**Q** 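Encoded as structure tokens, here's the structure I'll be asking about.
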Amino acid sequence: MDAIRRSEWKLFMVLKDMEDDKAYRYFTWIHLPMYTIILSLLFSSYQTVTFWVLDIFFIIHTVLHFFFEKHPRNEFKNGFSRSLIYPMGIIALIHLIFLII
């Protein structure tokens, strides 16, 4: 995950003041079960609802990254990170539109 490499926890109020090693572990342990739950829901009868939630999350995630672009702790100011973040928000928006129509 680019978020781990770029120390994204430094942007979160709860984790930003922790020492990096401890914040990294919390950040990772929060994400691993979340990924497992999301993947299992994508292959369940709740697939459509999961897509709605994920699409909305990716759109909000992209908007937040845009607004935090100038944050002093933001390490996502490079082509690789931006090529992951911004297209996901655009694709999610397009997917959400197709879910609606």
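FYI, side chains are in, hydrogens and waters are out, and symmetry mates aren't considered; it's all heavy atoms of this structure. None of the values given here were measured: they were computed from a predicted structure. Position 1 is the first residue of the sequence, and the numbers go up from there.
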**Q** May I have the list of side-chain donor-acceptor pairs in residues 56-64 shorter than 3.5 Å, sequence neighbours left out?
**A**
{"residue": "His61", "atom": "NE2", "partner": "His65", "partner atom": "NE2", "Å": "3.2"}
{"residue": "Thr62", "atom": "OG1", "partner": "Phe58", "partner atom": "O", "Å": "2.8"}
{"residue": "Thr62", "atom": "OG1", "partner": "Ile85", "partner atom": "O", "Å": "3.2"}
{"residue": "Thr62", "atom": "OG1", "partner": "Gly89", "partner atom": "N", "Å": "3.3"}

**Q** Run the side-chain contact (heavy atoms from CB on, under 4.5 Å) check on Ile100 and Trp52 step by step: do they pass?
**A** CA-CA 10 Å; Ile100 293 170; Trp52 275 84; 3.5 Å; yes

**Q** Side-chain donor-acceptor contacts of residues 32-42 below 3.5 Å, not counting sequence neighbours, with atom names and distances?
**A**
{"residue": "Thr36", "atom": "OG1", "partner": "Leu32", "partner atom": "O", "Å": "3.0"}
{"residue": "Ser40", "atom": "OG", "partner": "Thr36", "partner atom": "O", "Å": "3.2"}
{"residue": "Ser40", "atom": "OG", "partner": "Ile37", "partner atom": "O", "Å": "2.8"}

**Q** Is there a side-chain contact between Glu8 and Leu11 in this structure, where contact means two heavy atoms from C-beta onward sitting under 4.5 Å apart?
**A**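 Yes. Closest side-chain heavy atoms under 4.5 Å.
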
**Q** Val49, Ile101: one ILVMFWY side-chain cluster at the under-4.5 Å cut-off?
**A**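 Different clusters.
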
**Q** About how many Å separate CH2 of Trp9 and CZ of Phe12, when rounded to the nearest 0.5 Å?
**A**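 If I round to the nearest 0.5 Å, the distance is 11.0 Å.
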
**Q** Sort and list the pairs that fulfil salt bridge (Lys or Arg N to Asp or Glu O under 4.0 Å) and have at least one residue in residues 28-52, not counting sequence neighbours.
**A**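 Every pair satisfying salt bridge (Lys or Arg N to Asp or Glu O under 4.0 Å) with a residue in residues 28-52: there are none.
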
**Q** Got a sec, which pairs hit salt bridge (Lys or Arg N to Asp or Glu O under 4.0 Å) with one end in residues 28-46, sequence neighbours left out?
**A**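 Qualifying pairs, neighbours excluded: none.
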
**Q** Under the side-chain contact (heavy atoms from CB on, under 4.5 Å) rule, collect the residues that match up with Asp17, sequence neighbours excluded.
**A**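 Listed in chain order: nothing, the list is empty.
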
**Q** Just jot down the side chain to side chain donor-acceptor pair (under 3.5 Å) partners of Asn74, sequence neighbours excluded, or say none.
**A**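 Result, side chain to side chain donor-acceptor pair (under 3.5 Å) vs Asn74: none returned.
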
**Q** So how far is it from Phe76 CZ to Phe68 CZ, rounded to the nearest 0.5 Å?
**A**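 Rounded to the nearest 0.5 Å, the CZ-CZ separation comes out at 12.0 Å.
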
**Q** Quick one: do Phe67 and Tyr86 end up in the same hydrophobic cluster if we chain Ile, Leu, Val, Met, Phe, Trp and Tyr together by side-chain heavy atoms under 4.5 Å apart?
**A**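 Yes, because Phe67 and Tyr86 connect within a single hydrophobic cluster, where side-chain heavy atoms sit under 4.5 Å apart.
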
**Q** Go through it in stages, so that I can follow the logic: the residues are His31 and Ile4, the test is side-chain contact (heavy atoms from CB on, under 4.5 Å), and I'd like the CA-CA distance, side-chain angles, deciding distance and then a yes or no.
**A** CA-CA 10 Å; His31 282 76; Ile4 290 175; over 6 Å; no

**Q** What's the shortest heavy-atom distance between His71 and Lys77, and which atoms?
**A**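 Minimum heavy-atom contact is O-NZ, 3.5 Å.
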
**Q** Could you tell me which residues satisfy salt bridge (Lys or Arg N to Asp or Glu O under 4.0 Å) with Asp21, sequence neighbours excluded, listed by chain and number?
**A**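 Asp21: salt bridge (Lys or Arg N to Asp or Glu O under 4.0 Å) contacts with Arg25.
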
**Q** Which residue pairs pass the salt bridge (Lys or Arg N to Asp or Glu O under 4.0 Å) test with at least one member in residues 79-101, sequence neighbours excluded?
**A**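 Passing the test, one end in residues 79-101: Glu69-Arg82.
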
**Q** Apply the test side-chain contact (heavy atoms from CB on, under 4.5 Å) to residues Leu96 and Phe51: give CA-CA distance (whole Å), side-chain angles for both, the deciding distance (0.1 Å), then the verdict.
**A** CA-CA 8 Å; Leu96 191 61; Phe51 276 127; over 6 Å; no

**Q** With side-chain hydrogen bond (donor to acceptor under 3.5 Å, both in side chains) as the rule and sequence neighbours excluded, what pairs involving residues 90-101 come up?
**A**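 side-chain hydrogen bond (donor to acceptor under 3.5 Å, both in side chains) check on residues 90-101 returns Asp55-His95.
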
**Q** Could you pull out all residues at least two apart from Glu75 that satisfy side chain to side chain donor-acceptor pair (under 3.5 Å)?
**A**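 Applying side chain to side chain donor-acceptor pair (under 3.5 Å) to Glu75 gives none.
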
**Q** If you link I, L, V, M, F, W and Y whenever their side-chain heavy atoms are under 4.5 Å apart, who else ends up in the same group as Leu84?
**A**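 Result for Leu84 is Phe80.
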
**Q** What residues, two or more places apart in sequence or in another chain, satisfy side-chain contact (heavy atoms from CB on, under 4.5 Å) together with Ile97?
**A**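 Here the qualifying residues are Leu93.
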
**Q** Mind checking whether Ile90 and Phe98 sit in one hydrophobic cluster, side chains of I, L, V, M, F, W, Y counted as touching below 4.5 Å?
**A**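 Shared cluster, yes.
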
